[in-house]
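This report concerns only the one structure given below.
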Protein chains: 2
Amino acid sequence: MTKMTKITSASALPLNTILDGDCIDVMNSLPEASVDLIFADPPYNLQLKGDLHRPDNSRVDAVDDHWDQFASFEVYDKFTKAWLKAARRLLKPNGAIWVIGSYHNIFRVGAALQDEGFWILNDVVWRKANPMPNFRGKRFTNAHETMIWASKGEGGKYTFNYEALKSLNEGIQMRSDWVLPICNGGERLKDANGDKAHPTQKPEGLLHRVLVGSTNPGDVVLDPFFGTGTTGAVAKMLGRDWIGIEREAAYREVATRRIADVRKYDKTALEVTRAKRSEPRVPFGQLVERGMLRPGEELFSLGNRHKAKVRADGTLIGNDVKGSIHQVGAHLEGAPSCNGWTYWHFKRDGKVVPIDVLRQQIRAEMEERPH
Amino acid sequence: MTKMTKITSASALPLNTILDGDCIDVMNSLPEASVDLIFADPPYNLQLKGDLHRPDNSRVDAVDDHWDQFASFEVYDKFTKAWLKAARRLLKPNGAIWVIGSYHNIFRVGAALQDEGFWILNDVVWRKANPMPNFRGKRFTNAHETMIWASKGEGGKYTFNYEALKSLNEGIQMRSDWVLPICNGGERLKDANGDKAHPTQKPEGLLHRVLVGSTNPGDVVLDPFFGTGTTGAVAKMLGRDWIGIEREAAYREVATRRIADVRKYDKTALEVTRAKRSEPRVPFGQLVERGMLRPGEELFSLGNRHKAKVRADGTLIGNDVKGSIHQVGAHLEGAPSCNGWTYWHFKRDGKVVPIDVLRQQIRAEMEERPH
DNA sequence: TTTCAGGATGAATCTTCCA
DNA sequence: ATGGAAGATTCATCCTGAA
């Protein structure tokens, strides 16, 4: 079961635990460069004035909690920089962060991220399928929130499961705008009175996409504003380790119960379509060594416009140019670069086949008998 | 005809004119509290490094203009605060401002707006119908830009034509996310060589919605980064007065010709016929993200002959084949294609239900609350 | 005249490995 | 660290020219 532990000095990572305390202090007590991903849903600093009523005169249950009150932008900025600095210290060099917010705070958060050295990768818009209307008709329906995705710094080798996200989106590259419903119905946690347990509970679908896209199974995900634990619940389902920080005891209790009830998906369900880039490199020469292609055999370009001859050392010669499959292809096309694997084809039984088929054959064998 | 005039001292408002010069100097030369709306499309400070090529090896014509180069965030912030301060001075007490940007600059702009005393009313997302893809598969498609709408200060009695916008949106309250195509085709202005006249020309549809929503006929609209004059062209069509500021002579010339050709709409031209929407595409992955199907859950074919397991990325695995619901169905049936939506079924409460039911559920929600 | 195939292109912070 | 080579990677829209 989930434990609540107070960490007071640098120590081993308290995985799958909700830590009690101020998130800045707690983060500073954890070992540096130890976390793969941070997901943060900080206070929005809403600055709401009076009550708001619907056209039917019912009162809107607004976010008026003490933890969302700041005296000024200056105070909010100071708080933001402090927790971002502590968060950045915790991240591994190739770690990344997601922060969600609305127009009340997201511009200050985004500027602070850049000032602290994070490198923004995308801003992602969560387009709510079912937002609350603007009852007074004085502004546009506030129908979205903004998330910022950033690596620890420029050049960080962040995780991005491109193919998995493409699969989630019916084979089309995932865009920076995500349409998802807000959290309600059975997913919305209630307190003992039947009221919502937390005013800003995020939908699990949002975290699902974030975690599938930017972490791998076994990664450590930290949420410094844990609330009722959506991050932990989805991380557990997806086989990621998680750490939550939350200073309100009531939220910790709800989250603890919630996560205890979550079951992890089985292993094959967690395997995700991999990018080619993460597959092992196969030198073209290996196709020749193994007799899949014979020295002297001719290869044909896409469209049959060019041809080249295979040499015993795994280079090609075509039109008096010698070199790798990529170099000869690029030269013949007058292009800055060329992927020889998809460019070159050979003939078998009258059919024209891309040489990449042979590479896939070798990779399949490697999967059966890894070495 | 549009004139180009150099204003050097406070004077009467030079309406329907493109002013030559640095926008800060020019704004400071105009009388204060004289403008109803400012629309600003400032430099984004993109900080691009090398060239980018498409998979077909064609080179992307990127924004590498001198006017988009800043030495640091600090320099950019200083510039931003200076032009915002000048802009705020020009606004009437009940005036408002729109600023558009991307994640490169919008967070700095938004924070500066708040620091200068503007009061944010909404952030509005322009969701591009046809953005440029992410060619390397390293990030999300950058499919939107962000606009911030702010009044001169808290309590400002800004203009908001609620009913007009509601009509534009088929009788439903206008949301903070707008789907509009990027500017291309006949609307995109070309130079003498047939190349785009300006790298970042905004679509007239965007300005149409901004001006219909937040100005009245006869209002004065100022654009301090006029470029090729989309703001002026749409303002003229809609019977608003406009002032442009632009320091590049080539852009001023293109804009002058363009606006001269614009005719103010008559009433019937404003009536727009709207295409009936085809049914929105729902990715299968959304069923998984939203918890309607669990990763690891089994699906059954028509006739119960085959089964497959749902994976976290919205692909299926069945009989050692992985892929989309359509691909796995086609493979198991030995068919060239298969509509996975009608082929696959799941069990709930002992009943076998086609997954298409879940898709219809999502579409019904979208219809109730379109976006 | 209509349809279809092919080409061009859009505010982009767009690779990774090994020597 | 740095340079060179391997090799992975695109969606919607509009226009042109052929059929």
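Note that these values count all heavy atoms, side chains included, but never hydrogens, waters or copies made by symmetry. Below, read A as the first sequence line, B as the second, and so on, with proteins coming before strands; counting in each chain starts at 1.
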Partners of A/Thr215 by side-chain hydrogen bond (donor to acceptor under 3.5 Å, both in side chains), sequence neighbours excluded?
A/Arg240
With sequence neighbours left out, the residues meeting side-chain hydrogen bond (donor to acceptor under 3.5 Å, both in side chains) with B/Lys202 are B/Asp41
Under 4.0 Å, counting only non-hydrogen atoms across every strand here, what does [X] touch: a base, just sugar-phosphate, or nothing?
X	value
A/Gln173	sugar-phosphate
A/Ile120	base
A/Asn339	base
A/Arg359	sugar-phosphate
B/Pro203	nothing
A/Ser337	base
B/Asn105	nothing
B/Gly227	nothing
B/Asp51	base
B/Asp68	base
B/Ser102	nothing
B/Lys202	base

[N] versus [M] - spacing of their [atom1] atoms, nearest Å:
N	M	atom1	value
C/dT9	D/dG7	P	30 Å
C/dT15	C/dA11	C1'	22 Å
D/dA5	C/dT13	P	29 Å

State which residues pass salt bridge (Lys or Arg N to Asp or Glu O under 4.0 Å) with B/Arg257; sequence neighbours excluded, sorted by chain then number.
none
Could you tell me whether [X] and [Y] have a side-chain N and a carboxylate O separated by less than 4.0 Å?
X	Y	answer
A/Arg88	A/Glu116	no
A/Lys81	A/Asp115	yes
A/Arg305	A/Glu333	yes
B/Glu246	B/Arg252	no
B/Arg108	B/Asp77	yes

Contact between B/Trp242 and B/Ile18 at the side-chain level, heavy atoms closer than 4.5 Å - yes or no?
yes
Test item: B/Thr80 and B/Phe73 side chains (from C-beta on) under 4.5 Å apart, heavy atoms:
no
NE2/A/His306: more than 12 non-hydrogen atoms of other groups inside 6.0 Å
yes
How about A/Lys307: does its NZ atom have over 12 heavy atoms from other parts shown lying under 6.0 Å from it?
no
Give me the residues of residues 129-139 of chain B where at least one heavy atom lies under 4.0 Å from an atom of DNA chain C, by number, or none.
B/Asn130, B/Pro131, B/Met132, B/Pro133, B/Asn134, B/Phe135, B/Arg136, B/Lys138, B/Arg139
Residues touching DNA chain C, which here means a heavy atom under 4.0 Å, drawn from residues 186-195 of chain B
B/Arg188
Mind telling me if D/dT9 is syn or anti? Syn here is a glycosidic angle within 90° of 0.
anti
Here's a test of your reading of the structure: between A/Lys276 and A/Gln327, which maps to the more 5' nucleotide of DNA chain D?
A/Gln327
If each of A/Cys338 and A/Gly171 is mapped to the nucleotide of DNA chain D with the nearest heavy atom, which maps nearer the 5' terminus, i.e. the 5' end?
A/Cys338
Test side chain to side chain contact (heavy atoms under 4.5 Å, CB included) applied to B/Asp61 - qualifying residues, sequence neighbours left out:
B/Lys196
Residues at least two apart in sequence or cross-chain that pass side chain to side chain contact (heavy atoms under 4.5 Å, CB included) with A/Lys309, listed by chain then number, are A/Ile317
For DNA chain C, note the earliest and the latest nucleotide, 5' to 3', having some atom under 4.0 Å of a heavy atom belonging to chain B.
C/dT9 to C/dT16
Reading DNA chain D 5' to 3', which nucleotide is the first, and which the last, to come under 4.0 Å of any heavy atom in chain B?
D/dA8 to D/dC15
For B/His104, the ring-ring contact (aromatic ring centres under 6.0 Å, His included) test, sequence neighbours excluded, returns none
Taking ring-ring contact (aromatic ring centres under 6.0 Å, His included) as the test, write out the residues that go with B/Phe140, two or more places apart.
A/Trp149, A/Phe160, A/Trp178
Indicate, with yes or no, if the rings of A/Phe346 and A/Phe300 have centres closer together than 6.0 Å.
no
Taking only Watson-Crick and G-U wobble pairs with both distances under 3.5 Å, what dot-bracket line describes DNA chain C, where [ ] shows pairs that cross earlier ones and | shows pairs with another strand?
.|||||||||....|||||
